[in-house]
Amino acid sequence: MKKILQLKLVALFTIILVLKVNGQIQFKKTIGTQYNDFPTNILKNSENDYLFGVVSFPYNGFTKTKLYKLTEEGTIANENAISKPDTNTKLLNISRSFDENHYFGAGHLKYGDTVWLWLFTFDQSLNVTCEKKVQMADTQSIDRADVLIDNFEYYISYYRTNQNNLPITEMCKYLPSNDSIIFSEWDMPAGHVFDLEKNPHNENILFGGYVLDRTTFATIWEVSPQLELINKYDTLPHDIYHLMDLEWLKENQLIYGGTYYNSEYNAEMMGIQILDSSMQLQHFNSFGNENYNRNYVSSFNSIALNNENNIYFGGTYNVSLFPFPNLENHLALHKLDTNLNTEWSYLLGGDAYYLMYSIAPAAGEGCVVAATRYDSEIQNQERDVYLVGLGPDGL
């Protein structure tokens, strides 16, 4: 049975942001609180500032959310708490909006035993300009959200836990023009949806995930703009399943990365392949250390594209299922060409326990990697979250 890693890493953290371009450090910045915290994904705006959210878990009290803007030089340009009184607030994903001056957030609110799906927009000053709260029945929490914007509509897939502590993945569409929301008539109680991607050949949406009730995990579903399931691709080559990331390299080339089980080594590896528009294999490659059982891609985005000649693929070698292990391991980053041949590979770490969360294009060429670091010798369950910027030729 393939093992599925689902770690909720909520610990006292400090964000350490280090950007290097061609070996030159641009800045190093730390941000910390006294609570158990975790960061959202990070966005770069049109002015090359970095936007991100931080969710704080006090030992006693309500979870809180704050938005940050960090300049390209590494100074805090702005921060704004968007918490609500007597309410647990948890921001899970931020994305661009319909114009460059606004952004979109998805998360959850919990007041007493009632949970809402929380959708809102915020401006460049990090002020919430509009929000939508939708009460969710039979729900303890919402723990993950992915967002796709298309035709002035927001498509959101989310992962919630019901009152029986069972995971359920669903999808909805938010129409800000009339402040309405449409829910899918299907859900996925035996699996999980990860990434949403527009199909460039039609109006449909592709999303990747896995199901648990069969031997082959990997599936790419296709839904209509009305959220109807119309296609299912479940005979994909190499069975790249968990933590899936979909990106279109060209209109007829779909890059598809995730966890890949290598039967030769009896180990889980980082797998990446390119499929054509008919979901037929064009290229494949895998990475990992065969001495380790778990070599995973990033928990969120694992593929970053700067242009057609720059494919960055990131993950972690030697992942532990224990959230605070006494272990040293490495972050792995690979630069690939359009045939998935390796241009260079770089291992970062070896002095503590690392776990990669996401990878994104940098302001210029290169990429930014978001990860966590835990040193059991000097940290008592206090995880540092940091970003490292790499130029196109590596560190």
Side-chain angles (χ1 to χ4, degrees), residues 1-13 16 36 38-41 143-144 159 167 191-192 194-195 208-210 212 217-218 238-245 256-273 285-304 312-334 342 345-360 367-377 379 381-388 390:
M1 172 62 70
K2 298 173 183 175
K3 299 175 181 177
I4 299 299
L5 176 65
Q6 292 179 330
L7 295 181
K8 296 180 182 178
L9 301 177
V10 286
L12 178 65
F13 88 102
I16 304 175
N36 293 321
F38 73 86
T40 67
N41 57 312
D143 301 306
R144 180 180 175 126
Y159 170 98
H192 192 60
F194 288 103
D195 193 24
Y210 64 81
L212 300 176
F217 282 35
H238 299 294
D239 197 20
I240 298 175
Y241 56 104
H242 190 228
L243 301 175
M244 294 165 60
D245 190 8
Y256 161 32
T259 301
Y260 161 69
Y261 179 72
N262 188 314
S263 58
E264 178 183 356
Y265 299 117
N266 190 27
E268 291 174 305
M269 312 290 275
M270 296 168 51
I272 185 170
Q273 58 193 2
N285 207 341
S286 66
F287 303 91
N289 188 322
E290 60 270 21
N291 296 318
Y292 303 139
N293 292 328
R294 303 181 186 93
N295 305 279
Y296 289 133
V297 297
S298 301
S299 300
F300 301 114
N301 298 329
S302 59
I303 300 169
Y312 297 98
F313 185 45
T316 308
Y317 289 176
N318 197 17
V319 174
S320 171
L321 297 180
F322 182 63
F324 299 101
N326 181 9
L327 178 67
E328 295 179 353
N329 69 347
H330 291 86
L331 302 174
L333 186 69
H334 308 279
T342 305
S345 295
Y346 196 89
L347 295 181
L348 183 68
D351 58 346
Y353 178 72
Y354 292 83
L355 190 66
M356 190 179 294
Y357 273 70
S358 63
I359 180 172
C367 61
V368 176
V369 173
T372 59
R373 181 182 187 275
Y374 176 69
D375 187 341
S376 61
E377 296 295 325
Q379 294 173 280
Q381 297 188 2
E382 180 183 335
R383 187 179 306 275
D384 295 331
V385 178
Y386 71 101
L387 283 81
V388 180
L390 299 92

Inset, instruction - Please lay out, stage by stage, how Phe194 and Asp245 fare under the test side-chain contact (heavy atoms from CB on, under 4.5 Å). - result: CA-CA 7 Å; Phe194 288 103; Asp245 190 8; over 6 Å; no
Inset, instruction - Given side-chain contact (heavy atoms from CB on, under 4.5 Å), test Arg373 with Asp351 step by step and report yes or no. - result: CA-CA 9 Å; Arg373 181 182 187 275; Asp351 58 346; 3.3 Å; yes
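Classified by interplanar angle (parallel below 30°, tilted 30° to 60°, perpendicular above 60°), the ring pair Tyr374/Phe324 is perpendicular.
One finds the CZ atom of Arg294 at 12.0 Å from the NE2 atom of His242 (value rounded to the nearest 0.5 Å). Here the OG atom belonging to Ser302 is positioned 10.0 Å from the CE atom belonging to Met244, to the nearest 0.5 angstrom. Atom-to-atom distance recorded for Gln379:CD and Tyr353:OH is 13.5 Å, nearest 0.5 angstrom. Summarising the geometry, atom CD belonging to Glu328 is positioned 8.5 Å from atom CD belonging to Glu377; distances are rounded to the nearest 0.5 Å. Between the CG atom in Leu243 and the OH atom in Tyr296 there is a gap of 8.0 Å [rounded to 0.5 Å]. The line from CD of Gln273 to OH of Tyr256 is 6.0 Å long, rounded to the nearest 0.5 Å.
With sequence neighbours excluded, the residues that form a side-chain contact (heavy atoms from CB on, under 4.5 Å) with Asn318 are Tyr292, Leu327, Asn329. Residues passing the side-chain contact (heavy atoms from CB on, under 4.5 Å) test with Phe287 are Met270, Ile272, Asn285, Phe313, Tyr317, His334, Leu336, Thr342, sequence neighbours excluded.
The backbone N or O of Gly314 sits less than 3.5 Å from a side-chain atom of Ser298, completing a donor-acceptor pair. Using a distance-only test at 3.5 Å, with no hydrogens or angles considered, a donor-acceptor pair links the side chain of Asn295 to the main chain of Asn289. The main-chain N or O of Ser376 is never found under 3.5 Å from a side-chain atom of Asn326 such that the two would form a donor-acceptor pair. Distance alone, capped at 3.5 Å, is enough to place a donor-acceptor pair between the Thr316 side chain and the Met356 backbone. Using modelled atom types, no side-chain atom of Tyr312 and backbone atom of Ile359 make a donor-acceptor pair closer than 3.5 Å. Without hydrogens or angle criteria, Tyr346 side chain to Leu390 main chain gives no donor-acceptor distance under 3.5 Å.
Counting all heavy atoms, side chain and backbone alike, Ser358 lies closest to Phe300 at CB-CB, 4.2 Å. Closest approach of Ala371 and Leu331 over heavy atoms only: CB-CD1, 3.6 Å.
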